[in-house]
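So that the names make sense, note that chain A is the first sequence line, chain B the second, and so on, each numbered from 1.
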Amino acid sequence: MDLPKPSSAAAALQPLLAGLTPAQRSVVDHRGGPLLVNAGPGSGKTTVVTHRIASLIAEGVAPWRILGLTFTNKAAEEMRGRVEALLEHAGLTAEGVLLCTFHSFGARLMRTLPDDFGIPPRFVILDAADQKSAIKQAIRAANLDPKSFPPASISAAISTAKNQLKNAEAYESEAVDFLTRAVAKTYHTYEARLREQEAVDFDDLLMRPAIALRDQPELRARLTRRWTHLLIDEYQDTNYAQFLVADLLVSEARNVTVVGDPDQSIYGWRGANIGNILEFEMRYPDAKVIPLGENFRSTKTIVAAADALIRNNEQRKPKDLVAANDTGQKIRVRRLDDERAEAQDVVDHFREVERSGTPWSEMAVLYRMNALSRVFEEILRREGVPYIVAKGTSFFERKEVRDAIGYVRLVANPRDEVALERVINMPPRGIGATSWSRVIGEARATSQPVWDVMQSSSRIDGISSRAAKAIEQFVEMVQTWRSTLSQTGDLESLSVDLSDVVQRVIDDSGLAVHYARGGTEEDHDRVENLDELVSAAADFPGAVSHLPGLTDDQMEGSDPSPRTLDGHLFGWLESISLVADSDQVDPSRGVLTLMSLHASKGLEFEEVAVVGCEESILPHMRSIGDSSAIEEERRLLFVGITRAKQRLSLTSAKSRPVRGFRERTMESQFLCEIPEELIDRWESNASAETDSFLNHESSPVGSSRRGPGGRRLANLFPVGCLVEHEQFGVGRVEAIMPRPSGTTARIDFRYDGVKTIILEYAKLERLE
DNA sequence: TCACGCTCCCTTTTT
DNA sequence: GGGAGCGTGA
């Protein structure tokens, strides 16, 4: 099946190696067996991966035997573009190579092989908000009080369980205490609801393929035959489920290449296991390991700063970062009076940079929390600077857009209860909470899907004839929409049909009229957003939802695109569910980018400002007191710093509003870890610090339990006194140490031993 | 049934 | 500061 092309291969390979360093070449050249590429920031990670894929193809490996897994669509698309460009020179094609995210790979597997996964191929994918409301429903259905069991923590617990491949039964068998039992109960109910609605959540897209590959040898054999070469990007951020999928997929051919950088592992909180990359060599003893340490992206100054910072992490394999570029300018470290002054400083600086020739698209503002973007947006809007907040889903999170999509989802699958609940009375159509709870009650009592119960609503106890009539009309409306679904056509006509469906849904449901009548500016925006959704549907190019070569013998599967409108519709909904924040970054738009540090991974800009470099923001409050969490925060700043090619700013504000109250801040401890000689520091007038703070005194400050100075705190907790800590319990103060980053106390806790904590942040109480 | 206004609660990062 | 939930009045 794999036809080598000996004559052209050698010739085609030549340009693929030109311009690469010896280390990079050895990645491209490697043949046979597991390969770990330890790629530092800016070391040409994407280059080696794309060249490697192109080189495999040039050598005769059939493109459809190659699978490349990434974390964002953007990364996958970029790789595809570069592989195609490389092969084009040699007159070869990359068609058939599968480059996609882990999540969409999982979704495609499940859609292609519904029998193996035991789920109908037309399942919907719940996004974060849907999941939250489904969890809430499940908590209520399990007769638990949402007040004592916050949906967020239950949801997190279930997610963690799924990452470890524990289903509800497995989880329950380990549940020992009150809380885990409650989670287990909710987990069961939640899963039952998902099954009824033919829905899956994000974690299922990883968990189900992992379990199926593990437990179904026949399926595993089919898949391992199908893909013989696997490449994984950002391997340091894979979780257990992803590790297992990869591990089992390569169990035959063993051609696995993983690329990553342990210093950029920033998703531990969502189950990523840094051990996957650190222990790769133990898992695959015959693995070849190639370090790529040379940085071709940033100036020597920026690389030196990043290097000095990350050396403070103790749980780390030592590694040298070497910069290939010039020294460049010093790092701008700025400490401003408040968050407005900080934003103004960055914007003023960026304006200057822009005047001297750097386009807006080559600049980025990075922050630890999305909330920090607000001040920047305000100032940028006022000053007329074009910008985009890279929050991929923000458009789809608007209320009106979610409502419209809710209707579209009902068209796709009327059993989708999350969608149903969302739109049943939006706009108001006389199906209020009372009637609706009767419908739900009837459905649960008779163990039928809600949609089926609605078919004969007049027979439900306690439903007024008015409400029954409204429900009947609603059902009829959805069924009319669904009648066009079996239409077929080519991709272009299907996109037109799809946008027609969206338009009809918006019109017929009454959403359009509802908002058009409003007349406020906000309503006007909502109407515009609905229009934009229609255009988005029209622009949908169609997605491959079916993987060829698994069910039939036609490996190369010329065009497996969906041909019916309903396939197209599912493809669209799936593409909406799986957008990543960074997918929105598009240099051709020529605008400044604002985004979270997490979302910035893998990107690069000439000019970068990391803002909010303050204790309790970066590192975040919730990580303080936990050394491995602090190390992840440090890696996060490391990622931010290494996004910059030419210049870097690190800024902080002396005071900042925290949930409505203005509070004093301290500069991030991480800034002290960057050598002074790399820094050009400026601080707003020191005496002005108090002035500025006092100027804000109009807003309440006094409620803060954080004192302005360490001395007072030190007096509150003298050495030898007994204290109680929220997390660690009772302990005795052993020492008090004033530090620039805060007053530090060494405390010997009864159960957790000696810990060093910062008094300003620890919720510490003195015991008499 | 629905709109409005009040209070309380929580505060991270994302596919 | 902002969202969600709840109570009240029309």
Side-chain angles (χ1 to χ4, degrees), chain A residues 69-76 100-107 125-129 131-133 136 146-147 150-153 155-156 159 162-163 200-207 234 237-239 241-242 265-272 339 366-375 390-394 397 399 425-437 464 466-467 470 514 518 574-583 595-601 612 616-624 629 632-633 635-637 639-640 656-663 699-700:
Chain A
L69 294 173
T70 62
F71 277 81
T72 64
N73 298 301
K74 190 184 158 66
C100 65
T101 66
F102 266 101
H103 287 87
S104 83
F105 177 67
I125 301 167
L126 299 192
D127 65 22
Q131 197 185 351
K132 194 176 155 203
S133 69
K136 269 191 201 164
K147 284 225 173 84
S153 43
S155 164
S159 177
K162 287 191 172 184
N163 288 162
V200 303
D201 63 19
F202 284 134
D203 299 314
D204 287 328
L205 297 177
L206 306 177
M207 175 177 89
E234 309 279 14
D237 282 323
T238 48
N239 63 23
Q242 289 161 323
S265 164
I266 55 177
Y267 284 102
W269 53 272
R270 70 167 192 206
E339 74 288 355
L366 308 180
Y367 35 77
R368 177 65 175 82
M369 291 182 289
N370 288 308
L372 297 195
S373 73
R374 291 198 46 156
V375 202
K391 188 99 182 61
T393 51
S394 60
E397 277 165 7
K399 183 186 178 319
N425 205 29
M426 181 63 223
R429 52 170 67 87
I431 310 171
T434 320
S435 308
W436 186 239
S437 68
S464 69
R466 235 174 89 211
H514 178 78
E574 179 171 316
S575 76
I576 289 173
S577 314
L578 299 181
V579 273
D581 286 354
S582 58
D583 290 349
M595 67 176 148
S596 72
L597 286 160
H598 283 91
S600 76
K601 192 177 62 163
S616 93
I617 291 184
L618 181 61
H620 191 268
M621 186 149 32
R622 298 197 47 168
S623 63
I624 287 170
E632 183 154 309
E633 299 287 306
R635 292 195 290 269
L636 201 46
L637 179 57
V639 166
R656 179 183 300 278
V658 179
R659 49 184 152 152
F661 295 100
R662 181 160 294 278
E663 295 201 348
S699 59

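- Taking atom CG of A:Leu366 as the reference point, atom P of B:dT14 lies 12 Å away to the nearest angstrom.
- Between B:dT1 and A:Asn425, no contact under 4.0 Å exists linking OP1 or OP2 to a side-chain N or O.
- Between A:Leu636 and A:Gly430, the residue anchored nearer the 5' end of DNA chain B, judged by the nucleotide with its closest heavy atom, is A:Gly430.
- OP1 and OP2 of B:dT12 both lie 4.0 Å or more from every side-chain N or O belonging to A:Ser596.
- Rounded to whole Å, the distance from CZ on A:Arg270 to P on B:dT15 is 6 Å.
- Between the CG atom of A:Leu205 and the P atom of B:dT14 there is a distance of 18 Å, rounded to whole Å.
- Computed from coordinates, the A:Met369 CE to B:dC10 P distance equals 18 Å when rounded to whole Å.
- Inter-residue side-chain proximity for A:Leu69 and A:Thr238 is flagged as unmet; no heavy-atom pair is nearer than 4.5 Å.
- One can place CG of A:Asn163 at 16 Å from P of B:dT14, the figure rounded to the nearest angstrom.
- Across all strands, A:Lys136 comes closer than 4.0 Å only to sugar-phosphate atoms, never to a base (heavy-atom distances).
- Atom name P, nucleotides C:dA4 and B:dT13: the rounded distance is 15 Å, in whole Å.
- Across all strands shown, A:Asn370 has heavy atoms under 4.0 Å from sugar-phosphate atoms exclusively, and none from any base.
- Among the heavy atoms of the strands, none lies under 4.0 Å from A:Arg466.
- Nucleotides of DNA chain B nearest to A:Gln131 and A:Ala467 differ in position, and the one nearer the 5' end is that of A:Ala467.
- For the pair A:Leu69 CG and B:dT15 P, the interatomic distance rounds to 16 Å; values are reported in whole Å.
- Following rounding to the nearest Å, A:Ile266 (CD1) and B:dT15 (P) show an atom-to-atom distance of 11 Å.
- If you check every strand for non-hydrogen atoms under 4.0 Å, A:Tyr267 touches sugar and phosphate atoms only.
- Checked against a 6.0 Å centroid threshold, the rings of A:His620 and A:Trp269 do not count as neighbours.
- The shortest side-chain heavy-atom distance between A:Tyr267 and A:Lys601 falls under the 4.5 Å cut-off.
- Residue ring and base: A:His103 does not count as stacked with B:dT15 (centre distance below 5.5 Å and interplanar angle below 30° not both satisfied).
- Taking atom CD1 on A:Ile576 and atom C1' on B:dT14, their separation rounds to 18 Å, with Å as the unit.
- A:Asp203 comes within contact range of no nucleotide atom at all, as no heavy-atom separation falls under 4.0 Å.
- Taking 4.5 Å as the limit, every side-chain heavy atom of A:Pro619 sits out of range of all side-chain heavy atoms of A:Arg368.
- The structure places CD of A:Glu574 at 4.0 Å from CD1 of A:Ile125, a figure rounded to the nearest 0.5 Å.
- In this structure the side chain of A:Leu597 never reaches within 4.5 angstrom of the side chain of A:Val639, judged on heavy atoms.
- Using a 4.0 Å heavy-atom distance criterion, A:Ser435 is classed as a sugar-phosphate-only contact.
- Each of B:dT13, B:dT15, B:dT12 was ranked by its minimum atom distance to the side chain of A:Trp269; first place goes to B:dT13.
- OP1 or OP2 of C:dG2 has at least one side-chain nitrogen or oxygen of A:Arg374 nearer than 4.0 Å.
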